[in-house]
Undergrad: 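My questions all concern the structure below.
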Amino acid sequence: MPAYSRPSRFNTVIPSEIVERVKQLVLVSNHIVITCHVSPDGDALGSSTGLCAVMRALGKDVRIVTADCPPRSLCFLPGVRDIVSATRQPELAARLLGEADLLFCMDFNSLKRVDRLAELVEVSGAKRVVIDHHINPDIEADTIISFPQVSSTSALLYILLYQAGWARYLSRGAAADIFTGMMTDTGHFSYNSNDPDLYLIIHDLLRKGIDKDNLYKLVMNTSSENRVRIMGYGQYRMEVIKPHRLGLITLSREELAEFDYSKGDTEGLVNTPLAIPEVTWSVFMREDEKDKVKVSMRSKDTFPVNLVCEECFGGGGHENAAGGEFQGSLSEATSYLLTILPKYDKYL
Ligand code: 5GP
Ligand code: MN
């Protein structure tokens, strides 16, 4: 059976003139840079490394530049080792962005999301292509491929590659990158994952030779000892605020230090309270620095955590998964959260 006998509906997802424009931009560009959002997750990294591998297969000079380093848990993805992060290599990051004639913006809808890279991106003369699935893109670009109805940027990238006739350049490694993004943004196909086309994409990726079971083990089921302990501790300390159907987990700087926390150790912790039928939404607050609390939220059904994050924590995201930040101590963040809860009862 030919590997690319996909139904023709894949060919009509992205308007053909947009696909042609991207192809043209790639054709005439010599120095391509790919970037994604700060604190990159599996989808941001998978879509970036997957695209990077395809651009390289097309003979392009291409690098991935990110604001900060990828989490250790995703460093098994082959392309991740070549990523230039502005925290570790600021001069190289600036030079690559300065020289770029084409910039792909993966998995973000606003320049705020590239953090310390925002200024370099803004002054860069490169043409911009945005490939993203967050609502209301607020970013200037030559081409915007924004599909909030697609569950991951990685799946959207696959569709673009397919429509552009570039899926044939996907190596097994690049197929694994795309699968990783699709898997992490759907909680291993446990939410936002009823679209049958997702499984047609997975079919193609399996035909590229990916070891899906091993990728699941590496991404969803591999933890350091510290992570296993911190996840247990966080859940043990969870508070359930019944009148507001909220599960709340907080970790202070002292607690993080006690568990020798490193980036990625609390990935997925915010999802755990949702297992409780009486809980509709969950909040995880982590005191990353003095007076700086990272806020993550998850929800069920139509409870809009993106709205809560936008209105109260200067952030955003998706209806069921969003994040933001609080400037102040963890106890101030907690008190503040408790004051805003009644405002959102109407969505329960
Ligand atoms: P997480 O809770 O895993 O950090 O983020 C979940 C989702 O929320 C991300 O995929 C992203 O869409 C969004 N998000 C997280 N943090 C922020 C933030 O600070 N600002 C905005 N605009 N979105 C965020
Ligand atoms: Mn994503």
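All ligand and atom numbering here is 1-based and tracks the order in the structure. Residue indices begin at 1 and follow the sequence shown.
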Undergrad: Quick one: do Val129 and Ile144 end up in the same hydrophobic cluster if we chain Ile, Leu, Val, Met, Phe, Trp and Tyr together by side-chain heavy atoms under 4.5 Å apart?
TA: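 No, Val129 does not connect to Ile144 through the hydrophobic network.
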
Undergrad: Could you please spell out the steps behind the side-chain hydrogen bond (donor to acceptor under 3.5 Å, both in side chains) verdict for Asp107 and Thr153?
TA: CA-CA 6 Å; Asp107 201 35; Thr153 296; 2.8 Å; yes

Undergrad: Within the 3.5 Å criterion, strictly below it, is a donor on Asp61 or His31 matched to an acceptor on the partner's side chain?
TA: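 Yes.
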
Undergrad: Out of Val38, Asp41, Val283, whose heavy atom sits nearest atom 10 (O) of ligand 1?
TA: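 Heavy atom nearest to atom 10 (O) of ligand 1 belongs to Asp41.
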
Undergrad: Any side-chain to backbone donor/acceptor pair from Asp177 onto Ser48? Under 3.5 Å, distance only.
TA: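 The answer is no, because no donor-acceptor pair under 3.5 Å joins these two groups.
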
Undergrad: For atom 19 (O) of ligand 1, grab the closest protein heavy atom and report residue, atom and distance to one decimal in Å.
TA: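 Residue, atom and distance for the closest contact: Gly324 CA, 3.6 Å.
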
Undergrad: Quick test: of every protein heavy atom, which one is nearest to atom 7 (C) of ligand 1, and how far off is it to 0.1 Å?
TA: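 Protein heavy atom with the smallest distance to atom 7 (C) of ligand 1: Ala321 O, 3.7 Å.
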
Undergrad: Please say whether Val270 places an N or O atom under 3.5 Å from an N or O atom belonging to ligand 1.
TA: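 For ligand 1, there is no N or O atom that lies under 3.5 Å from one belonging to Val270.
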
Undergrad: Can His133 and Asp185 be counted as having a side-chain donor-acceptor contact under 3.5 angstrom?
TA: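 There is such a pair (donor and acceptor under 3.5 Å, judged by atom type) between the side chains of His133 and Asp185.
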
Undergrad: Can Asp132 and Arg113 be counted as an ion pair, charged N to O under 4.0 angstrom?
TA: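 Judged by the 4.0 Å cut-off on N to carboxylate O distance, Asp132 and Arg113 do not form a salt bridge.
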
Undergrad: Angle at the Mn ion (ligand 2) between OD1 of Asp107 and OD2 of Asp43, to 10°?
TA: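 The OD1/OD2 angle about the Mn ion (ligand 2) sits at 90°.
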
Undergrad: When you compare ligand 1 with Glu325, is there at least one nitrogen or oxygen pair between them that comes in under 3.5 angstrom?
TA: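 Min N/O separation from ligand 1 is not below 3.5 Å for Glu325.
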
Undergrad: Does Asp41 bring an N, O or S atom to within less than 2.8 Å of the Mn ion (ligand 2)?
TA: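 Coordinating: no.
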
Undergrad: Taking atom types as modelled, find out whether Asp43 and Ser154 have a side-chain donor-acceptor pair closer than 3.5 angstrom.
TA: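 Note: Asp43 and Ser154 side chains meet the donor-acceptor criterion.
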
Undergrad: Out of Gly315, Gly317, Ser39, Pro40, indicate the one that has the non-hydrogen atom closest to atom 20 (N) of ligand 1.
TA: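 It is Gly315 that holds the nearest heavy atom.
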
Undergrad: Are the side chain of Arg286 and the backbone N or O of Ser296 linked by a donor-acceptor pair below 3.5 Å?
TA: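 Here the side-chain-to-backbone pair does not exist.
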
Undergrad: Do you see an N/O/S atom of His133, backbone or side chain, under 2.8 Å from the Mn ion (ligand 2)?
TA: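 Given the 2.8 Å cut-off, His133 counts as a ligand of the Mn ion (ligand 2).
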
Undergrad: Rounded to the nearest 0.5 Å, what separates atom CG in Leu269 from atom OG in Ser282?
TA: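 Those atoms lie 9.0 Å apart.
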
Undergrad: Does ligand 1 have a heavy atom under 4.0 Å from the side chain of His134, from its backbone, from both, or from neither?
TA: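 The answer is the side chain.
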
Undergrad: Atom 24 (C) of ligand 1: which protein heavy atom is closest, and how many Å away?
TA: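 Heavy-atom neighbour on the protein nearest atom 24 (C) of ligand 1: Gly316 O, 3.3 Å.
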
Undergrad: May I ask you to list the atoms of ligand 1 that are less than 4.0 angstrom from any heavy atom of Ser296?
TA: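 The list of qualifying atoms is 1 (P), 2 (O), 4 (O).
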
Undergrad: If you measure from each non-hydrogen atom of Arg113 to ligand 1, which part falls under 4.0 Å: side chain, backbone, both or neither?
TA: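 Looking at Arg113 and ligand 1, just side chain atoms fall under 4.0 Å.
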
Undergrad: For atom 16 (N) of ligand 1, which protein heavy atom lies nearest, and how many Å away is it?
TA: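 Scanning the protein heavy atoms, the shortest distance from atom 16 (N) of ligand 1 goes to Lys294 NZ, 2.7 Å.
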
Undergrad: Heavy atom under 4.0 Å from ligand 1: found in Arg298's side chain, backbone, both, or neither?
TA: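 Under 4.0 Å from ligand 1, Arg298 contributes side-chain atoms alone.
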
Undergrad: Which atom name does Asp185 have for its N/O/S atom nearest to the Mn ion (ligand 2)?
TA: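 Result: OD2.
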
Undergrad: Among Cys312, Pro304, Ser299, which one satisfies side-chain contact (heavy atoms from CB on, under 4.5 Å) with Tyr344?
TA: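 When side-chain contact (heavy atoms from CB on, under 4.5 Å) is applied between Tyr344 and each of Cys312, Pro304, Ser299, only Cys312 qualifies.
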
